[in-house]
Amino acid sequence: MCIRDSSHTDYDSWKEITYKSLTPDGAFACYTVNPQDGDGQLFFYNTKTGARDSAARAENISLAFDSRFAVFKVKPPQGLVKDLRRQKKKKEDLPRDTLGVYSFLTRAIEKIPEVKSFRLPEKQGGWLAYLKEAPREDKGNTQDKSAKSKKGKKFSEENGHRLVLRNLTTRKENVFDFVKDYTFAKFGQGLLFVGTGNDSTTKAGVYWYDLQKETLQVLYEGKSKYRMKGLSISEDGKQVAFLVDPDTTKALVRRYQLHHWKEGDARATLMDVERSMGIPQNWIVSENYTPYFSKNGARLFFGSSPIPIVQDTTRLTEEIVQVEVWGGEDDYIYPQQNKQLDTERKRAYVAVIDLVNRNVMQLGDREVPSVEMGEEGNAPVVLGETNVPYRKMITWDPSAYTDFYLFDLQKQVRTTVARGVKGNASLSPKAGYVYWFSLPDTAWNSYSVADGKTTVLTKDLPVLFANEENDEPDYPGAYGSAGWTEEDKLFIAYDRYDLWALDPSGNKPPVNLTKIGRQEKIVFRYVKLDPEERFIQSEKEILLSAFQKDTKASGYYKLSLKDGKLTRLIMDDFRFGGLSKAKKSDLSLIHISEPTRLRRISYAVFCLK
């Protein structure tokens, strides 16, 4: 048998799984098989009957929450696009994307040509919204320009495009022209969109389409040249926020306004935060931060920033001095300043509005630029982090220090948590604790929000919680953590092999949950099956991945946090990974590869018991 050397052509033909997911009910598995170079396939696999369908060149796959449809973009054939590019065809003359809608019930694919974008509600099935591309101009048309001008407003990036809202069950469609941006409410209560108006039946503005009542309401009416962006909807679908710049001139400083609407209001209300004294003087609402609501809808977070320094447009070109000034006392060295220039220009600092009493509070600022909201914005405290006092040290010490602060949203005061920490902090799920890993000490720490007590959680333990094999001239990084249990009762951290339950108050001793990891050289790690999970339920069994350091075998165990029982599910000479679970069933999809046989990849679907 003659074995030839591999070439780049062989590499291009190698295939990989780039996407895999289960429908929420677990009835179908969807996955793509794509070569390194060329057109791939999307497969729909019935987990009960084994029937399989496919769609070519699919990307950006979304599965409807009711498990009835899959929606995706169909890209043009790669070979065709490359040939046209070699012919120096312009971008606007290249083939456009097609929208594919696959029905799991009928096993049919509907294709809608020339679609720019699409969206589905995150937690509600039955609806699809998509934006059409602007029609191509007929270059062979010999009509004179005066005849063309009578056609009226045209679809374009500036004017907007045609938005189609479809009920996937009844197939009824609503069409809204000249739409620039759109978004669904999380649970499908409505569709929010911005339009520039068609100069006849609808005006430029922000609109809310109620999907239950099938009614359209204008929330804000402006002009087609107004800049409207930053669409945000509260989780219950009863509040909306967005940004508007009503200045139609070419002013270099864009002063955006923050608008808010709640169910029952005829129109959105202007939140005049610049005059509220809640944000610093000479600061404005930032266009580079999309407003968002706390989970309970009681607060609205938005971005603010200092009025930017802009070029003096009254000077002639020869009167403008082109000079860059920097010095040894700058926060960052000159190359890093240049690298971060665009980011710093667009930097926004978080502020918050209490929607009950309308109080405005600036949270982040130049001294404490980073903030983290607690309990999805519901908590009365916010965590602030800053490395500003230590930035100059980054030149010779990459793992520079950080200071932590707590902002009390009710008392509107700032409290120091810790200073000069080598590490980053986070809030526990219920915002009862601030926790961080200290690199020099290789220790986990907690700070009680209630009493201000700081506790070293891993003190005097016989194992390390940082990389034991670190061979770099820097502090070893932490092995990480699995997360918190409900009500912030326990914090679960990793050592090299095992999981440890740590009491954040320090009142109870640490407990090794897996016990056998170090002894048998098995690395255990928690598998988070629900991407939206905020805490680990201690009354349920949890799934752990397992990897044997010597034999390289891998598999899964289950662990009961209630009684500490550790049970092996599977352990074999395969590589297991990419485990994903259906949202509404116990069915899971897992990627299995066999390293002893090159290029062999298989998939298995099994039920977690």
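Just so it is clear, the values below take in all heavy atoms, side chains as well, and ignore hydrogens, waters and symmetry mates. The shown structure was predicted, so the numbers you read here are calculated from the model rather than taken from an experiment.
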Original post:
Side chain of K116, backbone of A134: donor and acceptor closer than 3.5 Å?
Top reply: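 The answer is no, because no donor-acceptor pair under 3.5 Å joins these two groups.
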
**OP:** Would you confirm whether D245, through its side chain, and D247, through its main-chain N or O, come within 3.5 Å as a donor-acceptor pair?
**Re:**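 Looks like yes, one N/O pair under 3.5 Å.
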
Would you call [X] and [Y] a salt bridge, taking side-chain N to carboxylate O under 4.0 Å as the test?
X    : Y    : result
E532 : K583 : no
D331 : R366 : no
K528 : E533 : no
D93  : K90  : no
E158 : K225 : yes

**OP:** Go through the structure and list residues passing ring-ring contact (aromatic ring centres under 6.0 Å, His included) with W283, not counting sequence neighbours.
**Re:**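 Result, ring-ring contact (aromatic ring centres under 6.0 Å, His included) vs W283: Y349.
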
Subject >> ring-ring contact (aromatic ring centres under 6.0 Å, His included) against F176, all qualifying residues, sequence neighbours excluded >> reply: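 So F176 forms a ring-ring contact (aromatic ring centres under 6.0 Å, His included) with F193, Y209.
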
Considering residues, nucleotides and ligands other than [X], do more than 12 of their heavy atoms fall under 6.0 Å from its [atom1]?
X    : atom1 : answer
I309 : CD1   : no
I320 : CD1   : yes
R85  : CZ    : no
K238 : NZ    : no
R136 : CZ    : yes

**OP:** Identify the heavy atoms of L258 and P291 that sit nearest to each other, and give their distance.
**Re:**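 In terms of heavy atoms, the two residues are closest at CD1-CG, 3.9 Å.
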
Original post:
Can you name the nearest heavy-atom pair linking D39 to P77, along with the distance?
Top reply: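 Minimum heavy-atom contact is OD2-CA, 3.8 Å.
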
**OP:** Assign the ring pair H161 / F155 to parallel, tilted or perpendicular, where the plane angle (0 to 90°) is split at 30° and 60°.
**Re:**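 Parallel.
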
Subject >> Test applied, side-chain hydrogen bond (donor to acceptor under 3.5 Å, both in side chains); reference residue, K153; option that passes from D177, T196, N198, N159 >> reply: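 Exactly one option meets the side-chain hydrogen bond (donor to acceptor under 3.5 Å, both in side chains) with K153, and it is T196.
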
Original post:
Cation over ring, K20 on F43, under 6.0 Å and within 45°?
Top reply: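 So K20 doesn't make the cation-pi contact.
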
Original post:
Looking at Y182, is R119 sitting on its ring face, NZ or CZ under 6.0 Å from the six-membered ring centre and within 45 degrees of the normal?
Top reply: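 Yes, cation above the ring, under 6.0 Å and within 45°.
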
Subject >> Counterpart residues, side-chain contact (heavy atoms from CB on, under 4.5 Å), relative to N288 (two or more places apart) >> reply: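 Result, side-chain contact (heavy atoms from CB on, under 4.5 Å) vs N288: S286, K346.
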
**OP:** Only one of I233, L355, D265 passes side chain to side chain contact (heavy atoms under 4.5 Å, CB included) with Q239; say which it is.
**Re:**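 Option passing the side chain to side chain contact (heavy atoms under 4.5 Å, CB included) with Q239: L355.
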
How long is the gap from [atom1] on [X] to [atom2] on [Y], to the nearest 0.5 Å?
X    : Y    : atom1 : atom2 : result
Y130 : K132 : OH    : NZ    : 6.0 Å
F65  : D25  : CZ    : CG    : 10.5 Å
D181 : L163 : CG    : CG    : 10.0 Å
F301 : S232 : CZ    : OG    : 11.5 Å

**OP:** Apply the test salt bridge (Lys or Arg N to Asp or Glu O under 4.0 Å) to residues K186 and E235: give CA-CA distance (whole Å), side-chain angles for both, the deciding distance (0.1 Å), then the verdict.
**Re:** CA-CA 6 Å; K186 183 175 181 178; E235 187 162 302; 3.4 Å; yes

Original post:
Hey, are Y289 and S305 close enough side-chain-wise for a donor-acceptor pair under 3.5 Å?
Top reply: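 No, because no side-chain N or O of S305 sits under 3.5 Å from a partner of the opposite role on Y289.
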
**OP:** Identify the residue among R345, R254, K229, R227 that makes a salt bridge (Lys or Arg N to Asp or Glu O under 4.0 Å) with E287.
**Re:**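 Single pass found, and it is K229.
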
